[in-house]
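Input: a single structure, listed below in structure tokens.
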Amino acid sequence: MTDIRLAAPAPGWSRAADVVVVGSGVAGLTTALRCAAGGARVVVVTKARLDDGSTRWAQGGIAAALGDGDTPRQHLDDTLVAGAGLCDESAVRLLVTEGPDAVRRLIATGARFDADPLTGAILLTREGGHHRRRIAHAGGDATGAEVSRALVDAVRAAGIETVENALVLDLLTDAAGRTAGVTLHVMGEGARDGVGAVHAPAVVLATGGMGQVFSATTNPAVSTGDGVALALRAGAEVSDLEFVQFHPTVMWLGAGAEGQQPLVSEAVRGEGAHLVDADGVRFMLGQHELAELAPRDIVAKAITRRMRETGTEHMYLDARHFGAAMWEHRFPTILAACRAHGIDPVTEPVPVSPAAHYASGGVRTDERGHTTVPGLYACGETACTGVHGANRLASNSLLEGLVYAERIAEDVLAGRGARAPGEPVAPAAPADPLPGPADRAVLQRLMTSGAGVLRDAAGLATAADGLRELRERAREAARHGTGPEPCVDTWETANLLLVAETLVTCARTRKETRGCHWREDYPERDDERWHRHLVVTLTPERTPDVRATPGTAFPPVSTVVTAAPAAEYPVENRS
Ligand SMILES: Cc1cc2nc3c(=O)[nH]c(=O)nc-3n(C[C@H](O)[C@H](O)[C@H](O)COP(=O)(O)OP(=O)(O)OC[C@H]3O[C@@H](n4cnc5c(N)ncnc54)[C@H](O)[C@@H]3O)c2cc1C
């Protein structure tokens, strides 16, 4: 089995736990709370503060069939349509049937959702791709902040051990290849400083998304794909990496804007905002029966097409007809963000364009969150449970974090005590040379121009060549002893590079257009060849090895995917 690690000093300290949870978003904190409630010794390790991560930024809400007349079946149908034929239906069924109670348990944990002041019933809104009002929201458009607040408070109240400002580097495994803990680097001074280890027989990766692999994203700075990169180095399978959702309506801040950009939630369109071009033409009419509320990929493509046709860098979201009172009451966060950037949505349309938003793929798991490495789980955005298929339905991700965290906790608790962590063994392979910190911006630009909303063979090949050059440069520098020092910046850049290489390899392999993967040179969906997932492992030579599942259902994680080898789907100049 592949076991590659980042170049890092040997651990100088260690401690033990039943389970290490890596990440403190909805997925990590829910797992930690439920594991601790069952009596497990939990350590939560998180890269920045407990509330740093995408969860805090979620605006629209959580989708669940809570409304009168709505049913899990209808939620399932909408999810399958958005997933463009690639959802694992049994994983979706679990999501939608267990979702309503998982939201109720979140409320019992302390989250306060917007409710009718007279009846107390939770208010539900609509978002793109949903045929019903089924999105529960909090603080108007500050759902994630409330979810995060409630979970952080509960974790503190439960006395769960947390290690903040600590970057998890790699998985530790024992001689049998089973999970034995993690190595981590604690930033700053304290009782535990520098590189150390937490030994545990179970590790839950809940490290969130990988938006920072592109130059413009809605994701916060911590979203550098660390969990996916760690899993690949540890020999786990990752899947569906080519399906990156670009949010259609991200505030356009100028041609050179980079990093996290403010999102204008789909809920604004849900409440009736229109997408218009510079001449005020509503270009979504006639494109889809749901017009502005079509699934995200349709809207992102339509905006990108219109931008091309009109030679502009953005379109506009027009919600002047809401009036000041509705803006202030329903969308206070977005209103404040717009005004902070000199745009008043009450009196003018908001300039918007698509930016990287959500990773539908990730570390392949089964219905209990197991990855293909024994003892290693993945949850939330870093996982690929199969519920999102080729495109995530809006507001299903917080729900996925909740539902699958609870399933993982049950599994961890059921296996607790069955095995002490094995003795970690040193990897046979030498450490991976680290790229320089300046390479981060280079790779982000390569990814945005070559593997962004619009993809084709030439653009993807250019991105692959550029990434290969960065990899070679890192190896060359290591050979000459001139490589960069191991530090948070270089470790994160190494993770971004590995994730970018894998994503580009998958995007080159999938020669069709499906969901949020749009190949201009293969504009049609091709069910005959591509009604299947791409699964990647890292070879001992450190190149992505792509295979395909026989169909849309994932085989059990105990089964390494061997069907339909990538050779059947050749990649030009595979990197
Ligand atoms: C602007 C925005 C709006 C959104 N709106 C919605 C919405 O309305 N509804 C919805 O369902 N979804 C929404 N999403 C998506 C949703 O917020 C995320 O998919 C979800 O919150 C992910 O939760 P998570 O727990 O998996 O990851 P996160 O909340 O991103 O948490 C990841 C955690 O892992 C930590 N971490 C990362 N790497 C390491 C490492 N190496 N070592 C230690 N810790 C690490 C991070 O610091 C962080 O604590 C939105 C996302 C964004 C960015």
Side-chain angles (χ1 to χ4, degrees), residues 54-55 57-64 67 75 78-79 81-83 113-114 123-145 147 209 211 217-219 244-252 261-276 282-285 287-304 314-319 322 326-327 330-335 337-338 345 349-360 381 388 391-400 453 515-516:
S54 288
T55 298
W57 294 94
Q59 296 178 343
I62 302 185
H75 189 181
D78 285 344
T79 303
V81 169
F113 285 90
D114 296 334
L123 297 173
L124 300 169
T125 189
R126 265 182 79 187
E127 288 191 337
H130 291 272
H131 283 82
R132 288 240 168 216
R133 284 188 166 260
R134 67 165 69 97
I135 319 295
H137 46 87
D141 57 358
T143 309
V147 169
T217 176
T218 60
N219 292 189
V244 177
Q245 188 176 82
F246 289 83
H247 197 288
T249 53
V250 177
M251 208 185 300
W252 185 80
Q261 320 279 313
L263 172 70
V264 185
S265 162
E266 199 134 353
V268 177
R269 278 175 281 136
E271 296 291 348
H274 301 151
L275 275 166
V276 295
R282 265 185 83 185
F283 55 88
M284 283 309 298
L285 293 178
Q287 302 241 6
H288 191 276
E289 48 149 350
L290 292 169
E292 278 89 353
L293 284 174
R296 284 186 181 166
D297 61 302
I298 309 270
V299 181
K301 286 172 199 175
I303 291 177
T304 311
H314 61 84
M315 290 286 115
Y316 291 95
L317 192 64
D318 192 353
F322 286 4
M326 175 157 164
W327 266 109
R330 182 68 184 83
F331 300 113
T333 314
I334 300 171
L335 178 66
C338 288
V350 182
V352 290
S353 66
H357 183 54
Y358 185 81
S360 293
E381 192 167 339
H388 305 302
N391 203 1
R392 173 192 65 135
L393 182 65
S395 286
N396 266 356
S397 40
L398 290 174
L399 188 71
E400 184 194 29
V453 184
C516 51

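Considering only heavy atoms from C-beta on, Pro248 stays 4.5 Å or farther from Val352 through its side chain. A 4.5 Å side-chain heavy-atom check between Ser353 and Met315 finds every atom pair outside the cut-off. Annotation: side chain of Ser397 is not in contact with side chain of Glu381 (no heavy-atom distance under 4.5 Å). The closest side-chain heavy-atom distance from Met326 to Glu271 is below 4.5 Å.
Just one of His357, Gln59, Gln261, His247 meets the side-chain hydrogen bond (donor to acceptor under 3.5 Å, both in side chains) condition when paired with Thr218; it is His357. Of the candidates Arg134, Arg132, Glu127, His130 forms a side-chain hydrogen bond (donor to acceptor under 3.5 Å, both in side chains) with just one, namely Arg134. Here the options are Ile298, Asp297, Ile303, the test is side chain to side chain contact (heavy atoms under 4.5 Å, CB included), and the partner is Lys301; only Asp297 passes.
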Should His75 and Thr79 be marked as a side-chain contact (heavy atoms from CB on, under 4.5 Å) after you check the CA-CA gap, both sets of side-chain angles, and the distance that decides it?
-> CA-CA 6 Å; His75 189 181; Thr79 303; 3.5 Å; yes
Would you check, one step at a time, whether the test side-chain contact (heavy atoms from CB on, under 4.5 Å) holds for Leu275 with Leu317?
-> CA-CA 5 Å; Leu275 275 166; Leu317 192 64; 3.8 Å; yes
Decide side-chain contact (heavy atoms from CB on, under 4.5 Å) for Asp141 and Phe331; before the verdict, give the C-alpha distance in whole Å, the side-chain angles of both, and the deciding distance to 0.1 Å.
-> CA-CA 5 Å; Asp141 57 358; Phe331 300 113; 3.6 Å; yes
Criterion side-chain contact (heavy atoms from CB on, under 4.5 Å) on Thr125 and His137, from CA distance to verdict = CA-CA 8 Å; Thr125 189; His137 46 87; 3.8 Å; yes
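Nearest heavy-atom pair across Gly515 and Asn391 is CA-CB, 4.2 Å. Summarising the geometry of Ser265 relative to Ala267, their closest heavy-atom pair is OG-N, 2.8 Å, with the distance given to 0.1 Å. Residues Val268 and Ala319 come closest through the heavy atom pair CG1-CB, 4.3 Å. Summarising the geometry of Ala63 relative to Asn396, their closest heavy-atom pair is CB-OD1, 3.7 Å, with the distance given to 0.1 Å. The minimum heavy-atom distance linking Ala302 with Met284 is given by the pair CB-SD, 3.4 Å. What you find for Ala64 and Leu399 is that their closest heavy atoms are CB-CD1, 4.4 Å.
Looking at Asp114, its side chain never comes within 3.5 Å of a backbone N or O of Leu123 through a donor-acceptor pair. The backbone N or O of Gly140 lies less than 3.5 Å from a partner atom in the side chain of Arg330, making a donor-acceptor pair. Put simply, the side chain of Asn219 never gets that close to the backbone of Tyr358: no donor and acceptor are under 3.5 Å apart. In this structure, the side chain of Thr217 engages the main chain of Ala356 through a donor-acceptor pair within 3.5 Å. With Gln245 contributing its side chain and Cys516 its backbone, the two residues share no donor-acceptor pair below 3.5 Å. Proximity of a side-chain donor or acceptor of Thr143 to a complementary backbone N or O of Ala138 within less than 3.5 Å is detected.
Taking the six-membered ring for Trp and the full ring otherwise, Tyr316 and His274 have centroids separated by 6.0 Å or more.
Scanning for side-chain contact (heavy atoms from CB on, under 4.5 Å) contacts around Leu293 gives Arg126, Arg269, Leu290, with sequence neighbours left out. Take Ala58 and apply the side-chain contact (heavy atoms from CB on, under 4.5 Å) test, not counting sequence neighbours, and it matches Leu398.
Between Phe322 and Trp327, the two ring planes are tilted [angle within 30° to 60°].
The distance from atom OG1 of Thr249 to atom CD1 of Ile334, rounded to the nearest 0.5 Å, is 8.5 Å.
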